[in-house]
Undergrad: 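The structure's right below; bear with me while I get my questions together.
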Amino acid sequence: MKGQSINCCQICGEWKQDGIHVLSSFICKGCEREIVNTNPDDERYQYFVDRMKFRRLLNQTTS
């Protein structure tokens, strides 16, 4: 699509066009959907939290 950039998803690591930007991170639509539908008690939820923390720490060390 014209005018859309391709971004690397913070969660799955795949390059996608469609998704959201949360602070300095990009999350593809598929991962966004999975995060929203995952119960906080599910162990997969912690994986999502850890991926977002990793990105924030990485940004702090490279700034």
Side-chain angles (χ1 to χ4, degrees):
M1 292 187 158
K2 189 176 180 181
Q4 284 191 338
S5 61
I6 297 176
N7 298 283
C8 184
C9 177
Q10 179 59 40
I11 305 300
C12 67
E14 294 183 21
W15 291 87
K16 307 276 180 105
Q17 283 185 326
D18 296 329
I20 61 171
H21 289 272
V22 178
L23 299 175
S24 62
S25 299
F26 173 79
I27 301 173
C28 72
K29 283 201 180 260
C31 288
E32 175 192 4
R33 198 173 306 116
E34 191 173 351
I35 291 168
V36 169
N37 291 314
T38 300
N39 187 315
D41 296 331
D42 187 320
E43 64 185 50
R44 183 88 171 138
Y45 189 86
Q46 188 59 47
Y47 169 78
F48 299 133
V49 172
D50 292 342
R51 291 295 295 163
M52 295 304 292
K53 282 182 187 176
F54 175 75
R55 174 64 183 207
R56 191 171 67 226
L57 289 173
L58 184 61
N59 283 343
Q60 288 175 354
T61 60
T62 59
S63 296

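Counting from 1, the numbers follow the sequence of the chain as shown. Hydrogens, waters and symmetry mates play no part in the numbers below; they use all other heavy atoms, side chains included.
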Undergrad: Taking only residues two or more places apart in sequence or in another chain, which ones pass side-chain hydrogen bond (donor to acceptor under 3.5 Å, both in side chains) with Gln46?
TA: Asp50
Undergrad: Under the rule for salt bridge (charged side-chain N to carboxylate O under 4.0 Å, His left out), what residues qualify as partners of Glu32, not counting sequence neighbours?
TA: none
Undergrad: Let me confirm one number: the CD-SG distance from Glu34 to Cys12, rounded to the nearest 0.5 Å.
TA: 9.5 Å
Undergrad: Determine which pairs satisfy salt bridge (charged side-chain N to carboxylate O under 4.0 Å, His left out) with at least one residue from residues 7-17, sequence neighbours left out, and list them in order.
TA: Glu14-Lys16
Undergrad: Please test Val22 against Gln10 for side chain to side chain contact (heavy atoms under 4.5 Å, CB included), starting from the C-alpha separation and ending with a verdict.
TA: CA-CA 10 Å; Val22 178; Gln10 179 59 40; over 6 Å; no
Undergrad: Sequence neighbours left out, what passes side chain to side chain contact (heavy atoms under 4.5 Å, CB included) with Ile11? Give chain and number order.
TA: Cys9, Ile27, Cys31, Ile35, Tyr47, Phe48, Arg51, Met52
Undergrad: Using 0.5 Å steps for rounding, measure from the CD1 atom of Ile20 to the CZ atom of Phe26.
TA: 8.5 Å
